[in-house]
There are 2 protein chains.
Amino acid sequence: MTSDAPASPDTLDQSRLTRLLGFRITRTELRIRRLFLECMARFELKPVDYSLLVLVDANPGVNQRQLAEILDVSPPNLAIVVARLMKRGLLRQVRGQQDRRMQHLHLTAAGKELLDETELAVREMEARLLEQLGPTHGEALLAALARLEHLA
Amino acid sequence: MTSDAPASPDTLDQSRLTRLLGFRITRTELRIRRLFLECMARFELKPVDYSLLVLVDANPGVNQRQLAEILDVSPPNLAIVVARLMKRGLLRQVRGQQDRRMQHLHLTAAGKELLDETELAVREMEARLLEQLGPTHGEALLAALARLEHLA
DNA sequence: TATTGTTATACTCTATAACTATA
DNA sequence: TATAGTTATAGAGTATAACAATA
């Protein structure tokens, strides 16, 4: 090799990266994250906002420590998310009666309403992903991800 | 419902989230990213550093615009990564001779050496993931991710 | 003494505008 | 006029330490 130009002028050899599961998953995750951001833009909900609202809806009275653990967000950062959603009137904190340290979270009527409005968009996005995958690969992907939940 | 305590004291209902491909992929991606960070900690290489070095090794003389596109990093942010790796003596910029606007990148001897040192760790991590998946799910996951490359 | 949540703060990552030098 | 790369800067995301209130 004498020149300082790349071997292929336009196409790059990415094979050593695309072989790696980590690289592939990171790329796909980014693409899906952007898709979700678009889908939720009109509701002004980021992924973490949406996830939190869903969890509170499914588990009324859940406390912030539990949410922080599941969502993999530190308690200080979760407090920021909670404050943001409270300010929008979507979320309500209720001091624990037995244990007054806890803040039990509930959706407000507005929060429940907004969450309901998002449902169609979320289902459409999910359908779009499953359509892209086809029925076989859809199941396979979920099964594979389930196995990776138990990483040391 | 009268109490403000959650339905289940310890276990939360996450089913509405875990059904969603996006949520599952995000969680898995984060877990794998952390694993990779641990694997590369002793080399002081972040994912983007590693990816860039691999691409430059496989495509000597590649320019920064091409790298920015593939790595999904904006040109200003790529310049920061490049500067960091140059400061460590792992990377070398060569001004284009036909087109003097371009910076063609090459690994230095030290860069090539460090990259070679990482190879075992990277292969071990990949093997660990594939072992966790099992041969069937490993292939299936890669096939599914390939299909998601072509998202609108 | 340990736990829940908060405040403050720092660090990283990401995104954008404006600039240079070249074409 | 358009492109490659850089600088500067702002914003979002993430991490940690210290604190208040409660157990």
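None of these values were measured; they are calculated from a predicted model. Convention: sequence-line order gives letters A, B, ...; per-chain numbering from 1.
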### Query
Where do A:L78 and A:V73 come nearest, in terms of heavy atoms and distance?
N-CG1, 3.5 Å

### Summary
Rounded to whole Å, the CD-P distance (B:Q97 to D:dA4) equals 18 Å

### Message
Heavy atoms from C-beta onward define the side chain here; which of C:dT6, D:dT22, D:dT16 lies closest to that of A:S74?
### Response
D:dT16

### Summary
Against the side chain of A:D99, the closest entry in C:dT16, D:dT22, D:dA4 is D:dT22

### Task
Output yes when A:R34 and A:E38 qualify as a salt bridge under the 4.0 Å nitrogen-oxygen rule, no when they do not.
no

### Query
Less than 3.5 Å between a donor and an acceptor, one on the side chain of A:R101 and one on the base of C:dT3, is that the case here?
yes

### Query
In whole Å, what is the span from the CD atom of B:E69 to the C1' atom of D:dG5?
15 Å

### Message
By nearest heavy atom, map A:R34 and A:L78 onto DNA chain C; which one lands nearer the 5' end?
### Response
A:L78

### Query
Whole-Å distance between D:dT3 C1' and B:L67 CG?
16 Å

### Message
Between A:N77 and B:Q64, which residue's closest nucleotide on DNA chain D lies nearer the 5′ terminus?
### Response
B:Q64

### Message
Is there a side-chain contact between B:K46 and the phosphate of C:dC13, meaning an N or O under 4.0 Å from OP1 or OP2?
### Response
yes

### Query
So which nucleotide from C:dT4, C:dT6, D:dA15 ends up closest to the side chain of A:Q103?
C:dT6

### Query
Is the shortest side-chain N/O distance from A:N63 to OP1 or OP2 of C:dG5 below 4.0 Å?
yes

#### Entry: Interatomic distance where CG belongs to B:L71 and P belongs to C:dT14 [whole Å]
11 Å

### Query
Can you tell me how far the CG atom of A:L151 sits from the CD1 atom of B:I32, to the nearest 0.5 Å?
6.5 Å

### Query
Taking OP1 and OP2 of D:dA4, is either one under 4.0 Å from a side-chain nitrogen or oxygen of B:Q93?
no

### Task
Take the protein atom CZ of A:R84 and the nucleotide atom P of D:dA12, then report the distance between them rounded to whole Å.
9 Å

#### Entry: Distance in angstrom units between B:R95 CZ and D:dG5 P, rounded
8 Å

### Task
In whole angstrom, give the distance that lies between atom CZ of B:R33 and atom P of D:dA15.
11 Å

### Considering all heavy atoms, the nearest B:P47-B:R33 contact
CG-NH1, 3.7 Å

### Task
May I ask you to decide whether A:R128 forms a salt bridge with A:E124, counting only side-chain N to carboxylate O separations under 4.0 Å?
no

### Interatomic distance, B:I80 CD1 vs D:dT9 C1' [rounded to whole Å]
11 Å

## Note on the structure
Which of D:dA23, C:dT6, D:dG5 is nearest the side chain of A:A79? It is C:dT6

